[in-house]
Amino acid sequence: MNAPSAAETDAQAETVANTSGITTESLQKTITEKLEAKHVDIEDMSGGCGQMFQAMIVSPLFEKKNSLARHRLVNSALKTEIAAIHAWTPKCFTPAEWEKKQMQ
């Protein structure tokens, strides 16, 4: 049996996204609830098939945590979702870091 290939049409992409059940909206809701996020921006980098996401997450729970600890916290909160997708890239900021970044 051959491995499924990447979605080649919008219809295929929608079918794959519906099968995995992972959407930008579902990720945003979970992150906001589990990580007390003040800002969440999720981008589907896979062209709509729901298999590759990039996230910008701002949470006070990241205070006094290094980058690795922040990523572990996010990955732990999204364990089920991450298992269902191909690629996940979070960028994690504290509210103060985010505010400073916005001023640049």
Subject >> Spacing of Phe53 atom CZ and Thr89 atom OG1 [to the nearest 0.5 Å] >> reply: 11.5 Å

Original post:
Can you hop from Ile42 to Met56 via hydrophobic side chains spaced under 4.5 Å?
Top reply: no

**OP:** Identify the residue among Thr30, Leu27, Thr80 that makes a side chain to side chain contact (heavy atoms under 4.5 Å, CB included) with Ile22.
**Re:** Leu27

Original post:
Heavy-atom distance under 4.5 Å between the side chains of Cys92 and His71, does that happen here?
Top reply: yes

Original post:
Can you get from Val58 to Leu35 by hopping between Ile, Leu, Val, Met, Phe, Trp and Tyr side chains that sit under 4.5 Å apart?
Top reply: no

Original post:
Quick check: are there more than 12 heavy atoms from other residues, nucleotides or ligands sitting under 6.0 Å from NE2 of His39?
Top reply: yes

Original post:
Do Leu73 and Ser76 have side-chain heavy atoms sitting under 4.5 Å apart?
Top reply: no

Original post:
If you measure from CD on Glu63 to OG1 on Thr94, what distance do you get to the nearest 0.5 Å?
Top reply: 4.5 Å

**OP:** Only counting residues at least two apart or in another chain, list the ones meeting ring-ring contact (aromatic ring centres under 6.0 Å, His included) with Trp88.
**Re:** none

Original post:
Please, which pairs that meet salt bridge (charged side-chain N to carboxylate O under 4.0 Å, His left out) have at least one residue in residues 23-39, sequence neighbours excluded?
Top reply: Lys29-Glu33

Original post:
Is Asn75 close to Ile82 at the side-chain level, that is, under 4.5 Å between some pair of heavy atoms?
Top reply: yes

Subject >> Check against side chain to side chain contact (heavy atoms under 4.5 Å, CB included), Thr24 and Glu43 >> reply: CA-CA 7 Å; Thr24 55; Glu43 185 177 355; over 6 Å; no

**OP:** Say whether, by atom type as modelled, one donor and one acceptor occur between the side chain of Gln28 and the main chain of Val40 under 3.5 angstrom.
**Re:** yes

Original post:
Taking atom CG of Leu78 and atom CD1 of Ile57, what is their separation to the nearest 0.5 Å?
Top reply: 6.5 Å

**OP:** Go through the steps for Arg70 and Glu97 under the test salt bridge (Lys or Arg N to Asp or Glu O under 4.0 Å), then give the verdict.
**Re:** CA-CA 13 Å; Arg70 294 174 185 192; Glu97 291 168 339; 2.7 Å; yes

Subject >> Geometric class of the Trp98/Phe93 ring pair [parallel <30°, tilted 30-60°, perpendicular >60°] >> reply: tilted

Subject >> Reported NZ-to-CG distance for the pair Lys91 and Asp41, which is rounded to 0.5 angstrom >> reply: 10.5 Å

**OP:** Identify the two heavy atoms, one from Ala37 and one from Ser59, that lie closest to each other, and give their separation to 0.1 Å.
**Re:** CA-CB, 4.2 Å

Original post:
Rounded to the nearest 0.5 Å, how far apart are CD of Gln54 and OG of Ser46?
Top reply: 12.0 Å

Original post:
Roughly how far, to the nearest 0.5 Å, is the CE atom of Met45 from the CE atom of Met52?
Top reply: 6.5 Å

